[in-house]
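Below, read A as the first sequence line, B as the second, and so on, with proteins coming before strands; counting in each chain starts at 1.
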Protein chains: 2
Amino acid sequence: MLTIKEIAEMANVSRSTVSRFLNDSGYVSEEARKRIDKVIKETGYIPSEHAKSLRTKKTKVIGVILPTIHTETSSKIVAGIDNELAKQGYQILLANTNLDKEKEIEYLDLLKVRQVDGIILVATNTEERLVKKVQEMNLPIVIIGQHMPGVTSVVYDDFHASKEITNYLVEKGHKKIAFIGVDETDRSVGYFRKKGYYSAMNEHRLEVNSTWVQTAIFDIDSGYKAMKRILTKSSILPTAVFAVTDRLAIGAMSYLKEQGLIVPDDIAVASIGASEISRYVDPSLTTVDYHNEMAGKQAAKQILAIISKTEYQEKILLNYRLIIRNSV
Amino acid sequence: MLTIKEIAEMANVSRSTVSRFLNDSGYVSEEARKRIDKVIKETGYIPSEHAKSLRTKKTKVIGVILPTIHTETSSKIVAGIDNELAKQGYQILLANTNLDKEKEIEYLDLLKVRQVDGIILVATNTEERLVKKVQEMNLPIVIIGQHMPGVTSVVYDDFHASKEITNYLVEKGHKKIAFIGVDETDRSVGYFRKKGYYSAMNEHRLEVNSTWVQTAIFDIDSGYKAMKRILTKSSILPTAVFAVTDRLAIGAMSYLKEQGLIVPDDIAVASIGASEISRYVDPSLTTVDYHNEMAGKQAAKQILAIISKTEYQEKILLNYRLIIRNSV
DNA sequence: AGCTAATGTGGAATCGATACCACAAAAATA
DNA sequence: TATTTTTGTGGTATCGATTCCACATTAGCT
């Protein structure tokens, strides 16, 4: 590989001069400039980023830790991050945990070793150990999707979004509303969305039958099964169901159809996510748009601000938008 | 940051010894080993990857260039790659071209500068300049999705998949079959899939009305518009349509529904992709499963084989599977 | 005992860049 | 003309690791 030394020799200057030329730091005469430029163009020389980072301690790489890469939410977030970072010449080093909480912690170290300039963590939980680790990282870091004390974060307004969509179901005349959620260790999706649902139900003095509330994991099939449990175990059948993600809602609808029930006439379905297909399932899904790309974009902006030590907010609360379609 | 020098001092040995300990190269006495181990555990020292790569010329990072990150295909491929690479302690440096062909070439250089150990390119075209660049890279590289002479590649069997699904439509009694494709500079999705379609039509001596063949781009809305063009411009209406991707098919179905046409009774729809939602649209989509995760996995295996100089094939042709559902 | 081989250790060069500093020449100012 | 400033250049230390080599000590074998 070509090095700065060879370029220097070929252009008849010192390594220092070439370096100054490359970084536009300090004086370089017009003559020298031309010679160096010519040699570099001819040889196609590109300086080694590693040597550079070794000295400067900067890599222009941001580590991104994802719980899973093949969901629409994740890829939209990454797209948002990437767009913003690319503008500044930063790149993404990807770490996929596959929903393994242990790896979330592990990868923080791994990325640090790679000397990334910062880390964006799309978090699924707020376990003690993770929070502690994050706080001790001593490296610019931004969390997406969960609140952590003292850590810069970009969060969705899960409580209010959830409450609003439940309210909407009530407005539409539903009194018996079921809920498909996920484990509460996921504070945002699990805990706050459930709280929003209960809060709305309480305010309207509506009863929540315990069999109406089911816990699922994140895939479509799990939504199917949860809906099945609701229908088979409940003595009083609900007239509406709110699922915390689109995928769960799609699974639920799939079971309802199988049972010959009509959505929304027999049972209304609503969810959160606004995935692309939510428009194309039949009936189209009433859901909440969370602006995932915006989340990625904001997180990227924050991390760049932290790195460049310009001002940044500690907490960014994203807004959301209710999308009314035909499933309610 | 902690360096090897400090560890050496604290453990009362030389840097060489610490290095030998870390890499299990050469002799280290039991005593020294214990002392070093203790110091490292206590301090939480982690060696700098940059310094390491500077000397060893290895980074354990693979660059992945994607045309777009927020499609299911892409994220599945990346998931496949990631799974395989993670086993060997490799990580992914992501580069997203946003379908910009210029960037595809640019990123090859950019990743090289970062001294990645290899590159996996999910290609959308086989333009002269790109091919030339790839061949000149002088770095382990694997292409997914397109054929390139002299370059290791993992490809789908577009021609036969396309032919088979067209044949299936014919078997089902359709004689007037429309086609929604994409630009032919995308050899795989654009050119070969179209060829497969024509080949099947020819073999059955079926006529192809020119208005039946429409070109779209990759999103759902574009499928909608293409379907609209087919219906509005054709004097003889087709009884089936084959779209080269699920998203296009979903767009097409959405238009058909809007027009009050019943799928599959009035018009049958088939496509390629087997995206998760293809099961959940109504009617569920007859499509071809391309095993995208497998593509990623194979590409990762190939690149690791090239790096470690073990044996590898120049071309891997993936198999596919027809999934028969209700849209035909 | 005498000699080769195995075991252990540290010094120093090296990877490819940056950055500080000394110094020379030319230009600007007194 | 003398002196300060500006412009331009190269030498050298440095970043944090690895690796080769020299050298010492211990063990193993006639």
Side-chain angles (χ1 to χ4, degrees), chain A residues 1-40 43-61 89 109-117 139, chain B residues 1-40 43-61 89 109-117 139:
Chain A
M1 215 187 55
L2 226 44
T3 75
I4 200 174
K5 195 177 157 207
E6 293 165 282
I7 301 299
E9 277 162 11
M10 291 170 76
N12 251 304
V13 290
S14 72
R15 315 215 296 284
S16 317
T17 308
V18 177
S19 174
R20 259 176 274 130
F21 169 87
L22 289 169
N23 300 287
D24 237 341
S25 54
Y27 301 107
V28 181
S29 67
E30 201 46 47
E31 318 255 300
R33 199 173 285 277
K34 269 184 192 155
R35 288 207 307 277
I36 297 171
D37 195 49
K38 187 154 168 272
V39 173
I40 289 182
T43 55
Y45 161 75
I46 304 169
S48 149
E49 284 290 332
H50 287 290
K52 211 185 249 178
S53 339
L54 183 56
R55 277 254 31 179
T56 62
K57 309 285 175 207
K58 302 216 169 310
T59 56
K60 290 229 157 192
V61 171
D109 276 329
L110 226 151
L111 290 172
K112 194 170 184 180
V113 176
R114 299 252 185 225
Q115 324 262 165
V116 294
D117 290 347
L139 207 151
Chain B
M1 216 187 57
L2 226 43
T3 75
I4 200 175
K5 194 176 156 209
E6 294 165 283
I7 300 299
E9 278 163 11
M10 292 170 76
N12 252 304
V13 290
S14 73
R15 317 216 294 286
S16 320
T17 309
V18 177
S19 174
R20 259 176 274 130
F21 170 86
L22 290 170
N23 300 287
D24 237 340
S25 54
Y27 301 109
V28 181
S29 67
E30 201 45 50
E31 316 255 302
R33 199 173 285 278
K34 268 185 192 153
R35 289 206 307 277
I36 297 171
D37 195 50
K38 185 153 172 273
V39 172
I40 289 182
T43 56
Y45 161 75
I46 305 169
S48 149
E49 284 290 332
H50 287 290
K52 210 185 250 178
S53 334
L54 183 56
R55 279 256 26 185
T56 62
K57 308 286 176 209
K58 303 214 170 310
T59 57
K60 289 230 156 191
V61 171
D109 276 327
L110 227 151
L111 290 172
K112 195 170 182 179
V113 177
R114 300 250 185 227
Q115 325 261 168
V116 295
D117 289 347
L139 207 150

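The closest side-chain heavy-atom distance from A:Glu30 to A:Arg33 is below 4.5 Å. Counting heavy atoms from C-beta on, the side chains of B:Glu49 and B:Thr59 never come closer than 4.5 Å. Counting heavy atoms from C-beta outward, B:Lys58 and B:Ser53 have side chains that stay 4.5 Å or more apart. B:Glu9 is not listed as a side-chain neighbour of B:Arg15, based on a closest heavy-atom distance of 4.5 Å or more. Within the 4.5 Å cutoff, the side chain of A:Val61 has no heavy atoms near those of the A:Asp117 side chain. At a threshold of 4.5 Å between non-hydrogen side-chain atoms, the residues A:Ile36 and A:Met10 do not count as touching.
Between A:Glu9 atom CD and C:dG16 atom P the separation is 13 Å, expressed in whole Å. Rounded to an integer number of Å, the gap from NZ of B:Lys34 to P of C:dG8 is 13 Å. Between B:Leu54 atom CG and C:dT18 atom P there is a gap of 12 Å when expressed in whole angstrom units. For B:Gln115 and C:dC15, the CD to C1' distance is 10 Å, given to the nearest whole Å. What separates CD of B:Glu31 from P of C:dG8 is a distance of 10 Å, to the nearest Å. Per the geometry, CZ belonging to A:Arg55 stands 13 Å off P belonging to C:dA17, to the nearest Å. When rounded to the nearest whole Å, the span between NE2 of A:His50 and C1' of C:dT18 equals 16 Å.
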Worksheet item: How does protein contact run along nucleotides 22-27 of chain C, one letter per nucleotide 5' to 3', with B for base contact, S for sugar-phosphate only, - for none, heavy atoms under 4.0 Å?
Response: ------
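When all heavy atoms of A:Tyr45 and A:Ile4 are compared, the pair lying nearest together is OH-CB, 3.7 Å. Scanning all heavy atoms of the two residues, the minimum distance from A:Ala51 to A:Ser48 falls at N-OG, 3.1 Å.
Between atom NZ of residue A:Lys60 and atom CZ of residue B:Arg114 there is a gap of 8.5 Å, rounded to the nearest 0.5 Å.
A sub-4.0 Å separation between OP1 or OP2 of C:dT18 and a side-chain N or O of A:Lys57 is absent.
You can see that DNA chain D meets the heavy atoms of chain A within a 4.0 Å-exclusive cut from D:dT7 to D:dG16, reading 5' to 3'.
Between its opening and closing five pairs, the helix from C:dA1-D:dT30 to C:dA30-D:dT1 changes axis direction by 40°, a value rounded to 10 degrees.
A donor-acceptor pair under 3.5 Å is absent between the side-chain atoms of B:His50 and the main chain of A:Gln115, judged by distance alone.
By the side chain to side chain contact (heavy atoms under 4.5 Å, CB included) test, A:Ile46 is found to be paired with B:Asp109, B:Val113, residues two or more places apart in sequence or in another chain being considered.
For DNA chain C, the neighbouring residues in residues 14-26 of chain A, judged by any heavy atom under 4.0 Å, are A:Arg15, A:Ser16, A:Ser19, A:Asn23.
Of the two residues near DNA chain C, B:Val13 and A:Leu2, the one whose nearest nucleotide lies more 5' is B:Val13.
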Listed pairs under 3.5 Å, donor-acceptor, residues 16-26 of chain A side chains, sequence neighbours left out:
{"from": "A:Thr17", "atom 1": "OG1", "to": "A:Ser14", "atom 2": "OG", "distance (Å)": "3.2"}
{"from": "A:Arg20", "atom 1": "NH1", "to": "A:Tyr27", "atom 2": "O", "distance (Å)": "2.9"}
{"from": "A:Asn23", "atom 1": "ND2", "to": "A:Ser19", "atom 2": "O", "distance (Å)": "2.9"}

